[in-house]
Amino acid sequence: MSRAADRLKVVLNHLDRSHDAVRASFTSAQNVSYHHHPQSLQYTFDTDVLTQEQIIAYEENGFILIRNLVSEEDIDRFKNEFERICKREVKVPGLTVMKDVSIAKSEFVEGEKAVTKLQDYQEDPELFRYCVLPQILKYVECFTGPNIMAMHTMLINKPPDTGKKTSRHPMHQDLHYFPFRPADRIVCSWTAMEKVHRENGCLVVLPGSHRGSLQEHDYPEWEGGVNKMYHGVRNYDPNHPRVHLEMEKGDTVFFHPLLIHGSGMNQTNGFRKAISCHYASGDCYYIDVNGTTQENISNEVKDLASRKFGADDSVTFADTWAIRGRLVQGDRISM
Ligand SMILES: CCCCCCCCCCCCCCCCC(=O)SCCNC(=O)CCNC(=O)[C@H](O)C(C)(C)COP(=O)(O)OP(=O)(O)OC[C@H]1O[C@@H](n2cnc3c(N)ncnc32)[C@H](O)[C@@H]1OP(=O)(O)O
Ligand SMILES: Nc1ncnc2c1ncn2[C@@H]1O[C@H](COP(=O)(O)OP(=O)(O)OP(=O)(O)O)[C@@H](O)[C@H]1O
Ligand SMILES: O=C(O)CCC(=O)C(=O)O
Ligand SMILES: [Fe+2]
Ligand SMILES: [Mg+2]
């Protein structure tokens, strides 16, 4: 047997044995069918980039954390560009600068202290460098395959909580926002731009939840308010076992779009920064989400597109993504 085939056999054997344990901890939370006996890898391509342990970890948990993947120098450049955008020294086409809902109506907060998130930075060449970093794409390819689209770009500047707990991001699955498939050929890359820990609201994940299905999402019923489009899984069980991903500057997590994740309150005085990109295979295809649980977010996004960019009724949810997507490797086949 070849080395690659040998390696695959070891991984599959391991997965077949260990799935039962992971499954057992998730039966209560979601509707998963537990009759999966892997004949091949479902979530990863074995391209000799991931170690056996990493393949197993992603197949089982739905995420892998790579330490020290992005250099300080690159991160400082992203931070610098973020500051320039907040000071309005640069104007980026298509970019949304979002303020936290609890300070959105305050006239007294200016500059980066007012900003909770930059959405859609793909037209900013300095920030978009993140999406084409070779060491990131090398990992992305293990999940998407060789044709890679950058579909969704964000820089998150999680603010100190104002006391209303609005700095939380409810537990959700990113696939809720995406009208393209297959889910297994989509991956998020999320890089800490400084130390992130429990106190400043690190990512919180439910390992293995990527093996479930897409859940119904809606605004959580939070007394202090919820940020625009921060939908959460509807029947979230707060007692479900979770993992807090504490990370150093430059550490990067790659995670599956069905992985249930969120982030807690930022209880420090500092802004917690992270930069991210969602990638999809250039061979993915768009779906019509009308009549599905994604209809609510689809309507919100279309509404925003019409208010912000004057898009008319003929612009679909899929169109809003096709406009934003950028090819970063290989061919744009059907996206
Ligand atoms: C053709 C291309 C189309 C592109 C479409 C763009 C789609 C973008 C979103 C896609 C979602 C991506 C997937 C995300 C993954 C998970 C997430 O991160 S979900 C959270 C993402 N959230 C957003 O992307 C929100 C986008 N931002 C906005 O829509 C706007 O910033 C805004 C929140 C509507 C604020 O608009 P703006 O014009 O900047 O603000 P104001 O004029 O000051 O306020 C208008 C109105 O809105 C209230 N408000 C302000 N900020 C917030 C907030 N954070 N949350 C809730 N409400 C907010 C504000 O108080 C005003 O209210 P009023 O009652 O009218 O006074
Ligand atoms: N009702 C809910 N619906 C959806 N998500 C929720 C709900 N309540 C809490 N969450 C989310 O669960 C995650 C963890 O929240 P929490 O504020 O407890 O943070 P934490 O990191 O566990 O902090 P702590 O150390 O205080 O426990 C966050 O993503 C939060 O937004
Ligand atoms: O950085 C965070 O708090 C998580 C953001 C997130 O999950 C998202 O915007 O989809
Ligand atoms: Fe997310
Ligand atoms: Mg908690």
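Numbering starts at 1 and runs along the sequence shown. Atoms within a ligand are numbered from 1 in the order they appear, just like the ligands themselves. Just so you know, these numbers use all the heavy atoms, side chains as well, and skip hydrogens, waters and symmetry mates.
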Within the 3.5 Å criterion, strictly below it, is a donor on [X] or [Y] matched to an acceptor on the partner's side chain?
X	Y	answer
D184	Q42	yes
N227	H169	no
D100	T166	yes
H231	E300	yes
E59	T44	yes
Q119	H152	yes
Y130	T191	yes

Would you mind listing which atoms of ligand 1 come within a distance below 4.0 Å of any non-hydrogen atom of [X]?
X	value
M154	18 (O)
H169	17 (C), 18 (O)
A305	3 (C)
V301	7 (C)
T96	26 (C), 27 (N), 31 (O)
H152	12 (C), 13 (C), 14 (C), 15 (C)
I323	1 (C)
Y230	19 (S), 20 (C)

Fill in: Residue-ligand contact E300/ligand 1, heavy atom below 4.0 Å
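Contact check E300 vs ligand 1: negative.
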Worksheet item: Measuring from the heavy atoms of R307, does anything fall under 4.0 Å of ligand 1?
Response: no
Is the shortest distance from a Lys or Arg side-chain nitrogen in [X] or [Y] to a carboxylate oxygen in the other one below 4.0 Å?
X	Y	result
R185	D283	no
R326	E123	yes
K195	E248	yes
K165	E223	no
R129	E81	no

Practice prompt. Side-chain contact test, heavy atoms from C-beta onward, threshold under 4.5 Å: evaluate it for Y43 versus R211 and give yes or no.
Written response: yes
Worksheet item: Considering only heavy atoms from C-beta outward, does the side chain of I333 approach that of N147 to under 4.5 Å?
Response: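 The answer is yes, as the side chains (C-beta and beyond) meet within the 4.5 Å cut-off.
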Worksheet item: Between F255 and W190, does the ring centroid distance fall short of 6.0 Å?
Response: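 Between F255 and W190, the centre distance exceeds or equals 6.0 Å.
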Worksheet item: Between H278 and Y177, does the ring centre distance come in under 6.0 Å?
Response: no
Worksheet item: Nearest to atom 9 (O) of ligand 3, what protein heavy atom do you find, and at what distance?
Response: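 In this structure, atom 9 (O) of ligand 3 has K117 NZ, 2.9 Å as its nearest protein heavy atom.
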Worksheet entry | Residue and atom name of the nearest protein heavy atom (relative to atom 2 (C) of ligand 3), distance in Å to one decimal |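 For atom 2 (C) of ligand 3, the nearest protein heavy atom comes out as R272 NH2, 3.5 Å.
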[X] contact mode with ligand 1 (heavy-atom cut-off under 4.0 Å):
X	answer
T116	neither
M229	both
K308	neither

Worksheet entry | Opening angle at the Fe ion (ligand 4) [OD1, D174; NE2, H261; to 10 degrees] |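 The OD1/NE2 angle about the Fe ion (ligand 4) sits at 100°.
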Under 4.0 Å from [atom], do we find at least one protein heavy atom?
atom	answer
atom 13 (C) of ligand 1	yes
atom 55 (N) of ligand 1	yes
atom 18 (O) of ligand 1	yes
atom 60 (O) of ligand 1	yes
atom 4 (C) of ligand 1	yes
atom 63 (P) of ligand 1	yes
atom 23 (C) of ligand 1	yes
atom 48 (C) of ligand 1	no

Discussion item. Evaluate K99 for polar contact with ligand 1, using N/O atom pairs at a separation under 3.5 Å.
Written reply: yes
Numbering as shown, the atoms of ligand 3 that approach [X] to under 4.0 Å (heavy-atom distance):
X	answer
M154	8 (C), 9 (O), 10 (O)
H261	7 (O)
L203	2 (C), 4 (C)

Worksheet, complete the sentence: Of Q119, K158, H169, the one whose closest heavy atom lies nearest atom 8 (C) of ligand 3 is H169
Worksheet entry | H172 backbone or side-chain N/O/S under 2.8 Å from the Fe ion (ligand 4) | yes
Discussion item. If we set the cut-off at 4.0 Å for heavy atoms, which region of H176 has an atom near ligand 3: side chain, backbone, both, or neither?
Written reply: neither
Fill in: Per-residue contact class, S263 against ligand 3 - non-hydrogen pairs under 4.0 Å
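Side chain only; the backbone of S263 stays clear of ligand 3.
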Worksheet item: Parallel under 30°, tilted from 30 to 60°, perpendicular over 60°: which one fits the rings of W321 and F317?
Response: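 Rings of W321 and F317: perpendicular, as their planes differ by over 60°.
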Discussion item. Taking a cutoff of less than 4.0 Å between a non-hydrogen atom of the residue and any ligand atom, is Y177 in contact with ligand 3?
Written reply: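 Y177: no contact with ligand 3 (<4.0 Å).
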Worksheet item: Which of these passes side chain to side chain contact (heavy atoms under 4.5 Å, CB included) with L155: M193, K79, K117?
Response: M193
Practice prompt. Using distance alone, decide if ligand 3 has a nitrogen or oxygen within less than 3.5 Å of any nitrogen or oxygen in H278.
Written response: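 No; every N/O pair is 3.5 Å or more apart.
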